[in-house]
There are 2 protein chains.
Amino acid sequence: MAASIRDVAERAGVSVGTVSNVLNRPDVVSAPTRERVLSAIAVLGFVRNESARHLRAGHSRTIGLVVLDIANPFFTDVARGVEDVANRAGLAVFLCNSDDRPEKESAHLDVLAEQRVQGVLITPTGELNPHLQTLRRRGVPVVLVDRRAPSADQCAVAVDDVLGGRLAGGHLLERGHRRIAFIGGASDLPQVQERLAGVQAVVREATGSDDALVVLSTEALTVAAGREAAARIVGMPAAHRPTAAVCANDLMALGVLQEMVRQGVRVPDEFAIVGYDDIDFAAAAAVPLTSVRKPRQALGSRAAELLLDEARGDGHVHVQEVFEPTLVVRESSMVRRDRTADREEGP
Amino acid sequence: MAASIRDVAERAGVSVGTVSNVLNRPDVVSAPTRERVLSAIAVLGFVRNESARHLRAGHSRTIGLVVLDIANPFFTDVARGVEDVANRAGLAVFLCNSDDRPEKESAHLDVLAEQRVQGVLITPTGELNPHLQTLRRRGVPVVLVDRRAPSADQCAVAVDDVLGGRLAGGHLLERGHRRIAFIGGASDLPQVQERLAGVQAVVREATGSDDALVVLSTEALTVAAGREAAARIVGMPAAHRPTAAVCANDLMALGVLQEMVRQGVRVPDEFAIVGYDDIDFAAAAAVPLTSVRKPRQALGSRAAELLLDEARGDGHVHVQEVFEPTLVVRESSMVRRDRTADREEGP
DNA sequence: TCGCTGTCCTGAAACGTGTCAAACACCCGT
DNA sequence: ACGGGTGTTTGACACGTTTCAGGACAGCGA
């Protein structure tokens with residue numbers, strides 16, 4: 001069907017070895033033959049067969065990226081960072097979406113193993129996937145993204161989520177909140193647990209107990225889950241009801257915000273919200289979201305760099321990189337003087 | 001390095017052919033040998049080499065998806081639809097981002113050709129990419145996504161964007177707007193041009209001329225471009241300034257909204273906004289966006305189905321599918337009675 | 001005993017590359 | 001005429017699979 005190197009050789013009247021040389025080391029072949037071969041390539045529309053190259057070379061020119069939720073802009077920003085450095089290195093990227101489900105994750109990892117990817121970038125689901133261990137044992141470099149490495153024998157690019165939690169919680173405490181919800185508690189993702197730990201620590205330091213913190217578990221880290229959690233909060237007796245929430249990510253925060261608005265709860269006046277990730281849409285929300293900012297694209301590009309270095313082999317040393325998050329304060333957690341003013345203006 | 005079928009054969013004391021049979025037609029091999037082979041596979045951790053399979057079989061088990069902007073949730077929804085059906089069919093997906101730049105698109109198409117993907121799903125950049133034609137000439141199925149086919153000899157899954165434009169424009173006209181901006185005009189994307197054509201048609205029908213329509217061109221279809229366009233609108237002399245805008249997509253609409261809010265222009269009271277795509281974030285915006293809804297995920301899954309059918313070969317007939325968009329009216333284009341009420345309540 | 005029919009297994013070939021030792025052609029200096 | 005470069009091209013092999021014609025062997029009927 002598609003023209004092969006042999007067809008090109010035939011047409012140009014040379015051996016296949018020469019064609020291969022034209023493609024890979026053009027300098028060793030004389031100008032006239034090179035021309036002849038190149039024009040044969042052009043008329044036949046010859047394109048290298050990457051699978052054959054891979055088979056012969058013993059290593060592919062692809063990597064895999066497995067994310068928890070492709071619909072979460074945080075991960076598309078990460079993916080963009082990954083793609084940038086991968087493409088620059090001439091690698092193609094298999095982008096896989098695990099939907100935070102271990103079975104889907106396993107299936108994707110199996111496929112990536114069969115494809116013999118040079119390495120895998122992954123934000124794993126909560127539980128340690130045995131397929132991931134198998135992959136590493138087979139010698140495939142694996143770099144964890146937005147997740148700390150459980151041991152020093154692998155690379156990881158993460159964010160200090162305990163600090164992130166402290167920033168978010170501390171901010172709300174400063175604002176005077178004494179009954180704070182953490183939304184997204186049931187997730188078995190370490191990232192989320194660390195965020196919770198951070199909030200917990202700062203609350204304990206400020207109030208001397210955990211009583212001020214209400215942990216609301218959710219089924220997923222999505223907008224819908226956020227809405228559902230907000231509905232639960234509104235349903236609480238006023239005496240116990242939190243006056244603010246730290247959400248495990250921005251999608252949930254957006255959901256919480258939507259539901260609060262729908263139920264007529266004024267944000268931030270009656271309920272303050274802090275999100276996490278600082279995706280672009282956080283700033284564009286109904287009430288611009290205060291959020292914990294992470295270097296999203298850098299997370300991806302740095303992880304890809306580490307993966308390439310490890311795949312290259314010589315003298316790679318594992319790196320566990322931890323970025324520091326920062327708090328971006330917006331309206332969702334402020335006492336909204338401006339809006340008050342707005343209202344006083346009248347219609 | 002990695003165990004091959006030969007290692008397995010050796011360990012199990014059988015020929016490579018038998019191992020292959022165990023993998024591909026387990027029924028033709030006797031139970032005891034099958035067991036022996038399977039256990040050898042297990043202890044060696046053998047995984048098929050997909051490149052070798054591909055080389056031998058003559059066709060790969062991968063497809064390519066090229067989108068205009070991976071950061072646009074519209075495309076991640078499409079991607080999700082694609083991934084669903086591709087994975088169900090045992091195919092891996094190369095997700096590529098062209099950033100609406102022909103060179104990037106070409107580069108991606110070259111890589112996909114080298115990978116010998118079974119087919120390509122693509123939302124092409126404005127100009128017809130010669131690499132795309134080459135690919136088709138080589139016999140690689142190409143299905144256009146969110147884009148009409150220029151000819152009947154290929155599959156496409158699109159949306160009736162003229163109708164979408166009419167819906168958006170008609171809605172604003174009904175609301176009494178007589179000076180309407182279309183934002184995103186310079187884009188050479190046919191989708192955008194059709195949306196504009198729809199708006200134009202409906203405006204002409206209603207007012208008898210094109211004077212009521214102001215076309216604002218932008219560099220890209222992003223939030224930033226939307227902000228920039230909004231700033232230009234605010235800068236116009238009041239006599240010429242539009243009172244409403246149809247945006248080429250929701251990202252731009254969000255940008256317009258942000259800038260209007262920032263400049264103190266009240267939406268929708270002083271300026272109404274209609275977006276396009278109805279991404280999830282449209283409903284969560286500062287002022288929930290009226291938007292033209294497209295079946296995002298279905299667009300992707302249907303396109304993937306067509307691609308698979310075409311790749312399978314036997315008796316494929318090209319299909320040009322056109323979905324009908326619907327208008328989802330939200331606050332950004334309404335006269336906000338509720339807010340007025342809210343204001344009268346006072347602080 | 002012989003031939004026949006299955007069942008199960010083997011071994012070689014092929015897919016498209018890249019590599020590498022060896023062959024070849026040519027020129028220069030002696 | 002000969003040896004020694006230098007510069008260019010060749011051809012065979014290997015990578016890991018799948019496929020397929022055919023071989024080995026057992027069971028069975030004649």
Side-chain angles (χ1 to χ4, degrees), chain A residues 1-38 40-41 44-62 90 111 113-118 138-140, chain B residues 1-38 40-41 44-62 90 111 113-118 138-140:
Chain A
M1 172 78 65
S4 82
I5 216 176
R6 195 186 334 261
D7 303 318
V8 174
E10 206 169 311
R11 174 154 197 121
V14 299
S15 75
V16 295
T18 301
V19 177
S20 179
N21 279 338
V22 169
L23 293 170
N24 302 303
R25 306 116 96 188
D27 42 307
V28 312
V29 29
S30 73
T33 30
R34 188 170 48 218
E35 282 314 309
R36 223 153 10 106
V37 170
L38 286 177
I41 287 178
L44 293 176
F46 166 77
V47 174
R48 286 142 107 112
N49 183 323
E50 179 58 29
S51 286
R53 301 187 75 193
H54 166 195
L55 185 56
R56 164 68 221 212
H59 59 88
S60 71
R61 303 195 64 69
T62 57
V111 170
E114 291 190 353
Q115 297 285 350
R116 295 289 195 279
V117 291
Q118 278 202 12
R138 299 184 78 244
V140 180
Chain B
M1 173 76 67
S4 83
I5 216 177
R6 193 185 338 258
D7 303 319
V8 175
E10 206 169 309
R11 175 157 197 123
V14 298
S15 74
V16 295
T18 301
V19 177
S20 179
N21 279 338
V22 169
L23 293 170
N24 301 305
R25 308 116 95 187
D27 42 305
V28 312
V29 30
S30 74
T33 30
R34 188 169 48 220
E35 283 314 310
R36 224 154 8 106
V37 170
L38 287 176
I41 287 178
L44 292 176
F46 167 77
V47 174
R48 286 141 107 115
N49 183 325
E50 179 58 29
S51 286
R53 301 187 76 193
H54 165 197
L55 183 56
R56 166 68 219 211
H59 59 87
S60 72
R61 304 194 62 70
T62 56
V111 170
E114 293 189 352
Q115 297 284 350
R116 294 290 194 276
V117 291
Q118 278 202 10
R138 300 184 80 242
V140 180

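Throughout, protein chains are lettered first and strands after them, A, B, ... in sequence-line order, and every chain is numbered starting at 1. All values derive from a computational prediction rather than experimental measurement.
Close to dG16(D), at under 4.0 Å from its OP1 or OP2, lies no side-chain N or O of Arg48(B). For Ser30(A) and dG7(D), the shortest distance from a side-chain N or O to OP1 or OP2 is not below 4.0 Å.
Checking dT17(C), dG16(D), dT18(D) against the side-chain heavy atoms of Asn24(B) singles out dT18(D) as nearest. Picking from dT17(C), dC15(C), dC8(C) the nucleotide with the shortest atom distance to the side chain of Arg56(B) gives dC15(C).
Whole-Å rounding puts the Asp27(B) CG to dT7(C) P distance at 12 Å. Atom P of nucleotide dC15(C) and atom CZ of Arg6(A) are separated by 6 Å, given to the nearest angstrom. Atom-to-atom, CG of Leu23(B) to P of dG16(D) comes out at 15 Å; the value is rounded to the nearest Å. As rounded to whole Å, 14 Å separates atom C1' of dT19(C) from atom CG of Leu55(A). In this structure, Arg25(A) atom CZ and dT19(C) atom C1' are separated by 7 Å, rounded to whole Å. In this structure, Phe46(A) atom CZ and dG16(C) atom C1' are separated by 8 Å, rounded to whole Å. Going from atom CD of Glu10(B) over to atom P of dG16(D) covers 13 Å, rounded to whole Å. Straight-line distance from the NE2 atom of His54(A) to the C1' atom of dG16(D): 10 Å, rounded to whole Å.
Between the NE2 atom of His59(A) and the NE2 atom of His54(A) there is a distance of 8.5 Å, given to the nearest 0.5 Å. Annotation: the span from Asp7(A) atom CG to Ser4(A) atom OG amounts to 4.0 Å, rounded to 0.5 Å. Note that CZ of Arg61(B) and CD of Glu114(A) are 9.0 Å apart. Values are rounded to the nearest 0.5 Å.
More than 12 heavy atoms of other residues, nucleotides or ligands sit less than 6.0 Å from atom CZ of Arg34(A). Taking a 6.0 Å sphere around CD of Glu10(B), one finds it holds 12 or fewer heavy atoms contributed by other residues, nucleotides or ligands.
Comparing Val28(B) and Arg116(B) along DNA chain C, the residue whose closest nucleotide (by nearest heavy atom) sits nearer the 5' end is Val28(B).
Only Gly17(B), Ser20(B), listed by number, bring a heavy atom of residues 14-22 of chain B to less than 4.0 angstrom from any atom of DNA chain D.
Closest approach of Gln118(B) to Ser60(B), counting heavy atoms only: NE2-O, 2.7 Å.
Counting any heavy atom pair closer than 4.0 Å across all strands shown, Thr33(A) reaches sugar-phosphate atoms only and no base atom. Using a 4.0 Å heavy-atom distance criterion, Val47(A) is classed as a sugar-phosphate-only contact.
Proximity of Arg116(A) to Val47(B): side-chain heavy atoms (C-beta onward) are separated by under 4.5 Å at one or more points.
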